[in-house]
Colleague: 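Mind looking over this structure? Questions follow.
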Amino acid sequence: MRFPPAVKSQISTMHRYRTHTCGALRAGDIGIQARLSGWCHRIRDHGGVLFIDLRDHYGITQVVADPDSAAFKVAETLRAEWVVRVDGKVRARPDGTENPDLPTGAVEVYVREIEVLGPAGELPMPVFGDQEYPEDIRLKYRFLDLRRERLHNNIIKRGEIIDSIRRRMKAQGFFEFQTPILTASSPEGARDYLVPSRLHEGKFYALPQAPQQFKQLIMVSGFDRYFQIAPCFRDEDARADRSPGEFYQLDLEMSFVTQDDVFDAVEPVIRGVFEEFAGGKPVTPKFPRIPYKEAQEKYGTDKPDLRNPIAMQNVSEIFHGSGFKIFARILEASATAAVWAIPAPGGGSRAFCDRMNSWAQGEGQPGLGYIFFASEGGAVVGRGPVANNLGGERTEALRQTLSLNDGDAVFFVAGEPQTFVKFAGAARTKIGEELGLIDKGRFEFCWIVDFPMYEWNEDEKKIDFSHNPFSMPNLPVDEFLALDASDREKILSLRAIQYDIVCNGVELSSGAIRNHRPDVMKKAFAIAGYPEAELEQKFSGMLHALSLGAPPHGGIAPGIDRIVMLLCGEENLREVVLFPMNQRAEDLMMGAPSEVSPKQLRELHIRVVRPGTS
RNA sequence: GGGGGCGUAGCUCAGUUGGUUAGAGCGCUAGCCUGUCACGCUAGAGGUCGCGGGUUCGAGCCCCGUCGCUCCCGCCA
């Protein structure tokens, strides 16, 4: 790496580094002396004349040197991504050489002096251009990746979105609080990140999975509308839409509210932020409320992508006792078995249906039955093996039920809904994608409501909490307290006052009206088989607080990273997080996690026991 | 913990049925070029084909194992 000698500045009145940013100069500045600092984005050396695109956070300005300029010799030594200071005269570009793609494209800086502030070695990854690079290289050299336009813009947009959220929350009367980062491990939920205590041998802090208990305690403390852009920590495996380790939530909680009050407070904030940053893409004007059960039946998931117009239907009636023996027997054998239809408008070709069938087999399914409809002698008839066995009359009934026509198809899944629902949902998504039915240019929101409170655990033959054990059951308190724990039917049909916001198939958040009554909570846990003593032991602080005057309260916690991801049009959270970890929860740039010194371990009363050496 | 995909030059990738000295673009080095903005032209350097083993006269290519990255399942109240 060479450092060309810096030429001492002759313009002592100027700022040490710049009079303008690289995005500032316009035609009106022609004739002035300017000083710019930035990175050599792109260098074009024509021998006689040499162009440097100088880039900083604000933009790009073209710098020109020719053999007449004093700094030509220095200019020739510059390489990509060197950081330099440039002095020169702002002048108009010659006629016909203006660059309309650049805000500064009418002018250029004719260089008089160049000072190298920070030279760069050969780059592991160029900053210029928009080529894809491997994740590990990108993460190891995150600071280079962040110089690139796309990521740089994403991070800026992230900040602007968070600003907008704060503004909107405060306008709704919410107040921002800070809750502890070092707290206690909680037995419920995800795996905790633990921090060993130096002063208390053998004891650990945990990083909060969410400020859940704190925000409830803030309500018990008599504050009314809490929010926080809250860091959350969970030691679970990553997904494209689930960062390993840490992420941020717009955490909020309100006192004396019903579900409707929470919706009325949150929906305008989320909708407003999306409208502000969606770049003109339409946003659902009023979020529809879809009961959990309906979401499962129509979309095969509790986070439906409503941009996909396909809605499934239960068509068991049509197959019951029909000539299509495979399904008829399945329905015969079990009262809870069903056949669901997945309409595929425009999918009416044997080639498409066969392709979907092989896809299903690739997913480990026996196959995907189908009928496709075609015109024949003026009538629309069903084709394929299912239609042949089902017969004309029932096939026609299907066609009418599902409003299908010439050129359409329908696929079928059969069996016990609880075992096939996930696959049915995947098939609905796949069909929608393959047929191009999903309008990517919009944001489709919905609330998912009425989550079941409990579910049957077939493995352990017991009743479990279905989702959040601290949600209020949707039943008058007296009735709930009077429940007979053996009335399995009634208990399994109970719903919790719990809700999710879903956008384009991404679960943005879940929330609930909390269970603020110790007696109801004890009953709720008793139903799930937790003895009162255990509850007292694990959640004594919370129970105690709730027993000394707790207001009814509820809230929700939309994921900031996911909101930003959707608004940036990205499919992976790493594209909207400043310094993300890889899938194995490593920070390749900082080298985290890392080994620590024996002294540190001793102070923390920790001994590392490696697998197979104990 | 399980399954899929990928791994060839600093980077992005090609590489036929297993067959001579493994190629291209970008980047890098040297030279030429006075109006480019993905500048152009010429030449050059740069390779343990992730790693280990096997099959074969012969392996980048086939087989087994292993490691890394990634996507998914489990998990994430």
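A, B, ... follow the sequence lines: proteins, then strands. Residue 1 opens every chain.
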Colleague: OP1 or OP2 of B/C75 versus the side-chain N and O atoms of A/Arg234: is any pair under 4.0 Å?
Modeller: no

Colleague: Are A/Arg142 and A/Asp145 within salt-bridge range, i.e. N to O under 4.0 Å?
Modeller: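 Between A/Asp145 and A/Arg142 there is a salt bridge, with a charged N closer than 4.0 Å to a carboxylate O.
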
Colleague: Given the rule in the side-chain hydrogen bond (donor to acceptor under 3.5 Å, both in side chains) test, do A/Asp302 and A/Gln296 qualify, once you have shown the distances and angles that lead to the verdict?
Modeller: CA-CA 6 Å; A/Asp302 59 2; A/Gln296 294 285 349; 4.7 Å; no

Colleague: How far apart are the C-alpha atoms of A/Gln209 and A/Ser186, what are their side-chain angles, what is the distance that settles it, and do they pass the side-chain hydrogen bond (donor to acceptor under 3.5 Å, both in side chains) test?
Modeller: CA-CA 9 Å; A/Gln209 298 177 24; A/Ser186 164; 5.8 Å; no

Colleague: Any salt bridge between A/Arg242 and A/Glu236, counting N to O under 4.0 Å?
Modeller: no

Colleague: Within the sub-3.5 Å range, which N or O atoms of nucleotides 38-43 of chain B have a protein N or O partner, and how far apart are they?
Modeller:
residue: B/A38; atom: O3'; partner: A/Arg42; partner atom: NH2; Å: 3.1
residue: B/C39; atom: OP1; partner: A/Arg42; partner atom: NE; Å: 2.9
residue: B/C39; atom: OP1; partner: A/Arg42; partner atom: NH2; Å: 3.0
residue: B/C39; atom: OP2; partner: A/Arg42; partner atom: NE; Å: 3.3
residue: B/C39; atom: OP2; partner: A/Arg44; partner atom: NH1; Å: 3.4
residue: B/C39; atom: N3; partner: A/His46; partner atom: ND1; Å: 3.3
residue: B/C39; atom: N4; partner: A/Asp45; partner atom: O; Å: 2.4

Colleague: Would one find a side-chain N or O of A/Lys422 under 4.0 angstrom from OP1 or OP2 of B/G74?
Modeller: yes

Colleague: Using atom CG of A/Asp192 as one end and atom P of B/C75 as the other, report the distance to the nearest whole Å.
Modeller: 18 Å

Colleague: Where does RNA chain B form stems of at least three consecutive Watson-Crick or G-U wobble pairs, each pair having both distances below 3.5 Å?
Modeller: B:1-7 with B:67-73, B:10-13 with B:23-26, B:28-32 with B:40-44, B:50-54 with B:62-66

Colleague: For B/U36, does OP1 or OP2 lie under 4.0 Å from any side-chain N or O of A/Gln62?
Modeller: no

Colleague: Base, sugar-phosphate, or nothing for A/Arg93, non-hydrogen atoms under 4.0 angstrom?
Modeller: base

Colleague: Check whether any side-chain N or O of A/Arg584 sits under 4.0 Å from OP1 or OP2 of B/C71, and answer yes or no.
Modeller: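 No, because none of the side-chain N or O atoms of A/Arg584 sits under 4.0 Å from OP1 or OP2 of B/C71.
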
Colleague: Can you label the angle between the A/Tyr530 ring and the A/Phe525 ring as parallel, tilted or perpendicular, going by 30° and 60°?
Modeller: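 The arrangement is perpendicular - the two ring planes meet at more than 60°.
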
Colleague: Is any N or O donor-acceptor pair between the side chain of A/Asp237 and the base of B/G74 shorter than 3.5 Å?
Modeller: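 Side chain to base: pair found, below 3.5 Å.
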
Colleague: Does anything in residues 506-515 of chain A pair up under side-chain hydrogen bond (donor to acceptor under 3.5 Å, both in side chains), and if so which pairs, sequence neighbours excluded?
Modeller: A/Glu253-A/Arg514

Colleague: Quote, to the nearest angstrom, the C1' distance that separates B/C13 from B/U17.
Modeller: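 To the nearest whole Å, 23 Å.
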
Colleague: Looking at A/Phe451, is its backbone amide N or carbonyl O close enough to the side chain of A/Gln498 to form a donor-acceptor pair, meaning the two atoms are under 3.5 Å apart?
Modeller: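 Not a single qualifying donor-acceptor pair exists.
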
